[in-house]
Every structure is written in structure tokens, then in C-alpha cells.
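One structure is given below, encoded as C-alpha cells.
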Amino acid sequence: MHKKLFIPGPVDVREDVLLKMATPQIGHRTKDASALQRRISDKMRQVMYTKNEILLSTSSGSGLMEGAVRSCTAKKAAVFSVGAFGKRWYDMAVNNGVPADLYTSPLGQPTTAAMVEEALETGKYDLITVTHNETSTGIMNPVESIAAVVSKYPDVIFCLDTVSSMGGTKIEVDALGVDICITSTQKCLGLPAGMAICSISEKALKAAEKVPHRGMYFDLLALYQCIQKKDYQYPSTPSLAHMFALDYQLDNILNEGLENRYARHLAMAKTVREWAKKYFDLFVDEAYTSNTLTTVKNTREIDVSALNKALGEVGFQISNGYGDLKDKTFRIAHMADTQHETLTALLTAIEEILKLKA
Ligand SMILES: *Cc1c(COP(=O)(O)O)cnc(C)c1O
């Protein structure tokens with residue numbers, strides 16, 4: 001039996017979207033391939049609220065995160081972390097020999113504008129990375145106030161990880177002044193994993209020109225130059241299967257309406273938050289809870305693995321806590337094409353399995 005996925009990626013993918021992956025292949029150096037990739041870029045610009053160029057990468061989101069920090073840091077990167085994915089961005093810098101400092105918030109706390117201000121004031125950094133929505137803890141950072149600080153430093157490249165939030169909540173890339181905004185297909189966009197997408201500003205491209213060793217596969221400047229020269233074709237062979245499905249799914253997303261999609265995500269988030277407060281507790285301060293997944297504090301000390309096994313028997317799967325938060329928390333994703341009724345069916349199933357009484 002297929003288990004409906006309430007894990008924060010990969011998400012359940014609509015049958016019609018999955019079937020698009022089976023479209024017969026086309027040559028990746030054809031006019032049709034150019035048109036396909038151009039259409040995707042145009043639609044992604046709408047989803048991201050940007051006029052910047054879009055880069056598509058046959059990799060998961062991590063590929064472009066590594067590419068961003070490596071391609072555009074000439075001096076030193078300030079990496080802000082509120083959990084596992086922020087920390088991983090720092091490790092990517094270190095492992096590429098990119099000078100970087102890590103600024104970690106206390107567990108369950110956001111990155112604050114004040115932290116960013118204090119770091120940028122030193123003048124040491126020419127790039128910063130921020131996690132918009134930290135999937136390991138369920139925090140959504142206050143990106144508007146962070147962006148207001150970053151905008152005071154026009155020489156700093158602003159990289160934002162929106163892997164688990166783009167398409168599920170409004171992130172206006174140009175209004176926020178984000179130079180490189182990164183996402184992947186297997187979260188709020190509702191596709192299988194295997195493709196990463198980012199927007200890239202002129203400023204980030206200029207910064208990359210000053211970096212001598214940008215790698216090859218994830219050299220963002222080289223990707224940009226290639227698609228300009230070859231009409232949206234990439235240096236290596238892309239996953240055309242993903243391209244067919246992404247082109248189609250972006251139509252679904254735009255037809256649903258971005259505002260409607262965000263409202264659906266928020267309504268589901270509110271339901272899970274209320275449910276969590278009724279039976280357990282929220283792991284993060286309600287001011288910073290994510291709209292796309294909820295981390296529930298395991299106040300009843302339930303056996304999360306046993307719960308998941310029992311859920312599996314009725315066709316659902318949730319996530320245990322991430323890393324050290326395993327068994328101390330559990331996570332329910334409410335993203336992509338999940339509908340409210342399916343979510344409430346999951347919550348009811350959990351109540352029945354655990355015989356919960358408020
Ligand atoms: C899933 C995730 C990543 C990693 O993305 P991949 O596509 O798995 O490489 C990075 N950051 C966040 C916030 C994520 O949720």
C-alpha cells in the first residue's frame with residue numbers, strides 16, 4: 001500500500017505529474033529543449049517574484065547551495081544557522097576551502113536581524129547565507145527584518161535557502177533583495193527529487209567573476225553564461241524527465257493561484273499547530289513556526305517509531321525529529337499538493353492510535 005507522505009520531502013507527487021516524467025526523451029540540444037527550459041524559467045520567475053535569471057540544475061538543492069557559496073565568495077562568508085541545513089551550508093564552504101564563519105542561534109530560536117547586523121558591521125564578509133525555513137526544527141526565519149539589514153550592505157551577496165518553503169509561502173525575491181534564492185523540486189513544488197532551481201542577480205554574477213576557482217559542475221557563472229549563449233541549454237545533459245514534469249506542475253501551481261496555494265498551506269499549518277497545542281506542544285515559539293511543516297514537541301514521550309509503524313498500516317507516514325531531536329520531537333509536513341482533508345485524516349489516525357484525550 002502506498003503511504004501518504006507527511007515527511008518534509010520527498011512529498012507525495014500527483015499521479016498526473018508523475019506520468020509527465022514518462023514523456024519520451026528529446027535531444028537536449030534542440031529548439032524544443034530550449035523552449036522547455038525557457039518556459040520553466042519564466043514560470044519560476046513568477047513563483048519567486050523576480051526578474052533575475054533562473055538556473056536549473058540536475059542535482060538536489062544541496063548542489064546549488066554548494067555552488068552559491070563557492071562561486072560567489074571572494075572574501076569570507078557569514079553562514080547563519082538555525083539547524084541542520086544551515087550547519088550543512090557552513091560545512092560546504094569549509095569543504096570547498098571557502099573562508100566562512102558560522103553563526104548559530106540557540107536550538108529552536110531564529111536568526112535575528114540583530115545577529116546579522118552585528119556580523120555585517122565587521123566588514124569581514126562579502127556573502128551571507130540564511131535558511132528561510134529550517135526543516136530540521138520547523139523554524140521560519142523573520143526574513144523581512146533580516147533583508148532590511150542586508151540591504152544596508154550593497155556589496156554583500158545575500159543567499160537564501162528556500163528549499164522547503166518556495167511555492168508554499170510567499171517569498172518575494174526581488175523585494176527582499178535576495179541575490180541567490182535556492183529551492184528543490186521535492187518539497188513545496190510537489191515533484192520528485194532530482195532538480196534544483198535558483199534565481200541569480202547581476203550582482204551575484206559580478207561577484208563570481210572575481211572568484212578564481214568556482215568548481216565546474218556547480219559554477220553558477222558558467223551555467224549562466226551557457227544558457228545565455230545556447231538559448232537556455234546547459235553545459236551537461238539535464239534530467240529532461242524532471243523538466244517535462246516541472247513545466248507541467250508549474251502550470252498547476254499557477255492555475256491554483258499562488259495566493260490560494262499559500263492560503264492552503266497556512267490553513268493546514270494552523271490546523272496542525274492547534275492540534276499540537278491541544279495534545280502535545282510546539283517545539284518552536286509560535287512567532288517563528290513554519291507554514292510548511294510543524295515540529296511537535298513530544299511532551300507525552302510517545303514512541304515515535306512505533307507510532308509511525310502503526311500509521312504505516314493505515315497508509316500514512318510522518319517524520320521523527322531530526323538528528324538530536326529524534327524522539328524528542330516529531331515532524332508533520334503540510335506542503336505541496338496535500339489537501340486539508342488528507343491532513344485531518346492523518347491527525348485523526350494519530351489520535352486513534354495513541355488514544356489521545358485532550
Ligand atoms: C531538504 C532541504 C535541503 C536539502 O535539499 P536537497 O534537495 O535534499 O539537497 C536544504 N535545505 C533545507 C531547508 C531543506 O529542507
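Indexing begins at 1, ligand by ligand and atom by atom, following the structure's order.
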Considering only protein heavy atoms, which is closest to [atom], and at what distance to one decimal place?
| atom | result |
| --- | --- |
| atom 5 (O) of ligand 1 | V163 CG1, 3.7 Å |
| atom 2 (C) of ligand 1 | K187 NZ, 2.5 Å |
| atom 11 (N) of ligand 1 | D161 OD2, 2.6 Å |

Which atoms of ligand 1 sit under 4.0 Å from any heavy atom of [X]?
| X | answer |
| --- | --- |
| S164 | 13 (C), 15 (O) |
| G61 | 6 (P), 7 (O), 9 (O) |
| M65 | 10 (C) |
| T135 | 12 (C), 13 (C), 14 (C), 15 (O) |
| Q186 | 6 (P), 7 (O), 8 (O) |

### Task
For atom CD of E118, decide whether the heavy atoms of other residues, nucleotides or ligands shown that lie under 6.0 angstrom number more than 12.
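Not buried by this count: 12 neighbours or fewer within 6.0 Å.
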### Message
In this structure, is the centre-to-centre distance between the rings of Y322 and F85 below 6.0 Å?
### Response
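Yes - the distance between ring centres of F85 and Y322 falls below the 6.0 Å cut-off.
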### Query
Would Y153 and F158 count as a close aromatic pair, with their ring centres under 6.0 Å?
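Between F158 and Y153, which both carry aromatic rings, the centre distance is not below 6.0 Å.
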### H132 to ligand 1, any heavy atom closer than 4.0 Å
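It does not; every heavy atom stays at 4.0 Å or beyond.
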### Message
Pair Y125, D101 - check side-chain hydrogen bond (donor to acceptor under 3.5 Å, both in side chains), show working.
### Response
CA-CA 9 Å; Y125 306 108; D101 287 331; 2.5 Å; yes
### Query
How long is the gap from NZ on K31 to CZ on R38, to the nearest 0.5 Å?
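Here the rounded value is 12.0 Å.
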### Query
Does E256 offer a backbone N or O that forms a donor-acceptor pair with the side chain of R261 under 3.5 Å?
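No; zero donor-acceptor contacts below 3.5 Å.
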### Query
Is it true that a side-chain atom of Q25 and a backbone atom of L240 form a donor plus acceptor pair closer than 3.5 Å?
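No, Q25 side chain to L240 backbone: no donor-acceptor pair under 3.5 Å.
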### Task
State, yes or no, whether a side-chain contact exists between F6 and V272 at a heavy-atom distance under 4.5 Å.
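Answer no - side chains too far apart.
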### Nitrogen or oxygen of F85 less than 3.5 angstrom from that of ligand 1
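By distance alone, the answer is no.
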### Query
Is there a nitrogen or oxygen of N133 sitting under 3.5 Å from a nitrogen or oxygen of ligand 1?
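No: no nitrogen or oxygen of N133 is under 3.5 Å from one in ligand 1.
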### Message
Quick test of your reading of the structure: of S60, A84, G86, S290, whose heavy atom lies closest to atom 9 (O) of ligand 1?
### Response
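Answer by nearest heavy atom: S60.
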### Message
Tell me the contacting part of S184 for ligand 1: side chain, backbone, both, or neither, using a 4.0 Å heavy-atom threshold, strictly below.
### Response
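The answer is the side chain of S184.
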### Task
Heavy-atom distances under 4.0 Å are what count here, so tell me which part of E134 touches ligand 1: side chain, backbone, both or neither.
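No part of E134 is near ligand 1 at this cut-off.
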### Message
Would you say N320 and D327 are linked by a side-chain donor-acceptor pair, where the criterion is simply a distance under 3.5 Å?
### Response
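Judged by distance alone, the side chains do pair up.
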